[in-house]
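So the structure is just underneath, and the comments pick up after that.
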Amino acid sequence: MMHSILHINNLSEQFAHAYNLHVTKSVDEADILILRDPMDRMAEQVTDELENYGNTKGITFEEYFFLEQNAYCKMLNINSHTDVRKCFETQEQFKFIGLMTNAIWSEDAISLHPNTTIVLNPLYSISKVNDRLAEFLEQPVVDIEDNSYYATNELDVGFRADFQKHNAMDYYLIRKIKQFLEFGDFDDSLD
């Protein structure tokens, strides 16, 4: 059986190549969904665009981050908080859901130094998603190189807060997927 991964820039290509997966932009065709922290994904996308095409828009690096809003939710046809539950119920074709590079704000950090305020969630990483995906596909684990340009905690704290506010629905979705992966379900609160 040929599995299909939902195409998301700077995410699906490595896994698709490593495991010979069909890449699709159709939610209805995909049975594999792998997401990462939205700001991390956008940092990679903006950097790739600027390196490959230059600054064609004549705007700052930071302004590029705000050209799109809630890219994940738009792709999954999620327009409101209640649509997240509907997406999981109606899109049962997602046989594999993975989450990687999930950034968390440290609850005990009182410093505004990015490397102490924001940390990577140790439960989610490219290697853990890779291991789970190989197990799901019943294939040997293939090395996936982490080709990230940035570590999450190197991005400015204030900038991250603005980005999260601008993409509140995507971050809500990530929180619910995190609950789903940890507990097999999620609550519908707006936490």
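Given the structure is predicted, the values throughout are model-derived calculations rather than measurements. Position 1 is the first residue of the sequence; numbering continues from there. Side chains are part of it too, since the values below use all heavy atoms of this structure and drop only hydrogens, waters and symmetry mates.
Residue Lys25 qualifies as open at atom NZ: its count of foreign heavy atoms under 6.0 Å is 12 or below. The number of heavy atoms from other shown groups lying within 6.0 Å of CG (Asp143) does not exceed 12. Other residues, nucleotides and ligands contribute at most 12 non-hydrogen atoms within 6.0 Å of the CD atom of Glu135. Heavy-atom contacts from other residues, nucleotides or ligands closer than 6.0 Å to NE2 of His22 number more than 12.
Cluster annotation: Val23 and Met2 are assigned to distinct hydrophobic clusters (Ile/Leu/Val/Met/Phe/Trp/Tyr, side-chain heavy-atom contacts under 4.5 Å, transitive). Cluster membership for Phe183 and Ile174, using ILVMFWY side-chain heavy atoms within less than 4.5 angstrom, is not shared.
In this structure, His7 and Glu13 have side chains that are in contact, with non-hydrogen atoms separated by less than 4.5 Å. A heavy-atom distance below 4.5 Å is not found between the side chains of Glu63 and Lys57. At a threshold of 4.5 Å between non-hydrogen side-chain atoms, the residues Ile97 and Ile177 count as touching.
Between His3 and Phe96, the distance separating the two ring centers is not shorter than 6.0 angstrom.
The side chain to side chain donor-acceptor pair (under 3.5 Å) test applied to Glu138 returns no partner, not counting sequence neighbours.
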Candidate pair Tyr72 and Tyr171, rule side-chain contact (heavy atoms from CB on, under 4.5 Å), full reasoning: CA-CA 9 Å; Tyr72 292 158; Tyr171 278 94; over 6 Å; no
Criterion side-chain contact (heavy atoms from CB on, under 4.5 Å) on Val129 and Leu99, from CA distance to verdict: CA-CA 7 Å; Val129 169; Leu99 178 62; 5.6 Å; no
Chi angles and distances behind the side-chain contact (heavy atoms from CB on, under 4.5 Å) call for Leu67, Ile59: CA-CA 10 Å; Leu67 294 177; Ile59 59 178; 3.9 Å; yes
Pair Leu33-Leu35, side-chain contact (heavy atoms from CB on, under 4.5 Å): steps then yes or no: CA-CA 7 Å; Leu33 174 67; Leu35 300 179; 3.9 Å; yes
Residues Gln45, Arg41; criterion side chain to side chain donor-acceptor pair (under 3.5 Å); working and verdict: CA-CA 6 Å; Gln45 180 176 315; Arg41 186 201 65 83; 2.4 Å; yes
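Side-chain contact, Ser80 with Thr82: a donor N or O sits under 3.5 Å from an acceptor N or O. Checking Asn130 against Tyr19 by side-chain atom types alone, a donor-acceptor pair falls below 3.5 Å.
Between Arg160 and Asp40, at least one side-chain N (NZ, or NE/NH1/NH2) sits under 4.0 Å from a carboxylate O, which counts as a salt bridge. By the 4.0 Å N-to-carboxylate-O rule, Asp162 lies too far from Lys165 to be salt-bridged with it. Under a 4.0 Å N-O distance rule, the pair Asp185/Arg85 qualifies as a salt bridge. Between Asp187 and Lys176, at least one side-chain nitrogen of the basic residue sits less than 4.0 Å from a carboxylate oxygen of the acidic one, meeting the salt-bridge criterion.
For the pairing with Asn70, the side-chain contact (heavy atoms from CB on, under 4.5 Å) check across Asn167, Ile78, Asn79, Leu76 returns one residue only, Asn167.
Taking all atoms of both residues into account, the shortest heavy-atom contact from Phe15 to Met100 is CE1-SD, 4.0 Å.
Ring pair Phe65/Phe159 is perpendicular by interplanar angle, where above 60° counts as perpendicular and below 30° as parallel.
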